[in-house]
Number of protein chains: 2
Amino acid sequence: MSRAKTKAEQHAATRAALLREARRVFTATGYADAATEDIVRRAAVTRGALYYHFRDKRALFEAVVDDVARGIADRIDAASMPAKDAFDALLRGTHAFLDACLEPPARRIYLIDAPAALGWHRWREIDGRHAMRTLRAGVEAMLAEQPDPALSPEIMTYLLSGALNEAVLWINEAKDEKAARREIDRTLPLLFERLFARTRAR
Amino acid sequence: MSRAKTKAEQHAATRAALLREARRVFTATGYADAATEDIVRRAAVTRGALYYHFRDKRALFEAVVDDVARGIADRIDAASMPAKDAFDALLRGTHAFLDACLEPPARRIYLIDAPAALGWHRWREIDGRHAMRTLRAGVEAMLAEQPDPALSPEIMTYLLSGALNEAVLWINEAKDEKAARREIDRTLPLLFERLFARTRAR
DNA sequence: TTCCATCACATACAGACTGTATGTAAAACC
DNA sequence: GGTTTTACATACAGTCTGTATGTGATGGAA
């Protein structure tokens with residue numbers, strides 16, 4: 001039926017195939033050790049196609065990172081939709097973030113390789129449109145419900161983001177991953193309560 | 001006077017020169033884009049010497065990372081020595097950590113490139129002997145003074161480490177670095193107070 | 001003192017990989 | 001219907017890592 005593909009369709013199909021296989025190879029070997037030849041072979045094209053669609057290997061990786069980050073953010077948004085208050089939304093979002101980032105593509109591509117390959121600044125630019133945006137919204141909602149002039153939403157967002165990223169990697173390398181995850185799940189609500197507590201004097 | 005160098009001296013001198021120049025080049029260009037030829041030229045040897053002293057480029061990088069991490073830990077230890085209590089020690093140590101990591105070599109080599117180039121697990125192994133060891137000691141001292149069965153020292157250490165690492169990179173990329181640093185300095189004691197607070201009911 | 005083994009490199013080379021330059025068939029357009 | 005543009009494929013040049021081999025100096029043994 002779709003024997004006769006239009007050019008635009010072919011263009012999109014090849015690009016999608018490159019992104020799909022690039023994600024697999026980057027996940028398996030990491031950015032530095034990924035050979036572009038491997039990617040294009042799996043996508044059933046040649047390196048000419050890759051360099052037609054992307055300026056260089058880094059640009060391909062950046063596109064994959066953006067995709068991965070968007071996927072994480074989507075899962076967070078979906079999970080925190082049915083929340084009853086800001087605290088609940090933050091907790092649900094956090095759990096969704098951990099779930100998503102514990103999967104190999106997100107872990108390897110988004111948490112480990114992206115900051116080094118793209119630079120911390122560029123990585124945070126991308127993340128700021130996705131997962132970090134949801135975290136910032138959660139923090140701001142908390143501070144809207146319980147105003148606390150001592151806490152800067154921006155700083156809290158970055159500190160929490162750093163802590164959560166590290167939590168993912170710690171859970172992943174733990175001897176007993178399930179137990180580690182439970183411990184984190186138990187600890188995080190406690191920390192949120194304490195961090196966002198109103199000053200004792202009120 | 002030292003015209004006639006013994007073999008052991010020569011060995012140590014060349015190794016030290018390689019480490020010194022490698023640190024410079026890795027800091028300037030990052031691990032991936034650093035050419036071993038650049039390093040050995042500055043050290044006034046050839047690549048043969050490099051591969052005699054180190055198994056490969058990664059091993060050289062790992063040795064540099066270990067050096068950098070040791071330097072950070074030394075500064076933390078020195079800064080937290082004259083502390084009057086656990087809280088004071090944690091704060092002093094944290095400030096020393098920020099000061100040390102804000103310098104380019106630590107930032108680029110230790111915070112950005114090391115996790116990707118060595119793998120998170122290996123990076124944490126090294127860090128666990130240095131900066132993270134001091135942080136863990138600080139956390140454990142806090143929990144010794146104010147016991148809190150709800151807080152696992154290991155988890156608190158990893159979460160705080162992640163938050164502090166991110167704080168460094170955030171300060172570094174801020175438009176006004178001095179102001180960003182002041183904001184972090186103002187926020188951290190607040191967070192420590194709240195995180196390590198005994199449960200309200202006592 | 002002399003001989004030999006080992007050390008601490010230097011040199012030469014093979015292999016892999018990235019990016020670029022060029023060629024080309026099919027589609028799109030006028 | 002002829003020409004231009006697209007979406008690749010192919011070929012090539014340059015760079016870089018790691019390895020294999022050569023070599024002079026040093027240190028120990030006899």
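Chain naming here is simple, since letters A, B, ... match the order of the sequence lines and numbering starts at 1 in each.
Here T14(A) reaches the OP1 or OP2 of dC8(D): one of its side-chain N or O atoms lies under 4.0 Å away. Between dC9(C) and Y52(B), no contact under 4.0 Å exists linking OP1 or OP2 to a side-chain N or O. Contact between the side-chain N/O atoms of Q10(A) and the OP1/OP2 oxygens of dT6(D) is not found at any separation under 4.0 Å. In this structure, T6(B) reaches the dG27(D) phosphate: one of its side-chain N or O atoms is under 4.0 Å from OP1 or OP2. Phosphate proximity of dC8(D) to H53(A): present, with a side-chain N or O under 4.0 Å from OP1 or OP2. Taking 4.0 angstrom as the limit, T46(B) places none of its side-chain polar atoms (N or O) nearer than this to OP1 or OP2 of dC9(C).
Salt bridge status for E62(B) with R55(B): absent, with no side-chain N to carboxylate O gap under 4.0 Å. The pair R107(B)-E173(B) does not meet the salt-bridge criterion, since no charged nitrogen lies less than 4.0 angstrom from a carboxylate oxygen. Comment: D185(A) engages R181(A) in a salt bridge, judged by a side-chain N to carboxylate O separation of less than 4.0 angstrom. Ion pairing between R133(A) and D77(A) holds under the 4.0 Å rule for side-chain N and carboxylate O.
The CD-C1' distance, from E37(B) to dA12(C), rounds to 13 Å in whole Å. In this structure, R41(B) atom CZ and dC16(D) atom C1' are separated by 13 Å, rounded to whole Å. Atom NZ of K57(A) is separated from atom C1' of dA16(C) by 12 Å (rounded to the nearest Å). What separates CZ of R47(A) from P of dG19(C) is a distance of 8 Å, to the nearest Å. Distance CZ (F61(A)) to C1' (dG19(C)): 19 Å, rounded to an integer number of Å. In this structure, CG of L50(B) is placed 9 Å from P of dG18(D), rounded to the nearest angstrom. At whole-Å resolution of the value, NE2 in H11(B) and C1' in dG27(D) are 16 Å apart. Note: CZ (F54(A)) to C1' (dA7(D)) measures 14 Å, nearest angstrom.
The listed nucleotides are dG18(D), dA10(C), dA11(D); the one nearest the side chain of D56(B) is dG18(D). Closest to the side chain of Y51(A), from the set dT17(D), dG19(C), dA7(D), is dG19(C). Looking at the side chain of V45(A), the nearest of the listed nucleotides dG19(C), dG18(D), dA9(D) is dA9(D).
Nucleotides of DNA chain D nearest to A8(B) and A35(B) differ in position, and the one nearer the 5' end is that of A35(B).
The closest donor-acceptor contact from the side chain of R194(A) to the backbone of L195(B) lies under 3.5 Å.
As judged by a 4.0 angstrom heavy-atom cut-off over every strand, A34(B) is placed among residues touching the sugar-phosphate backbone only.
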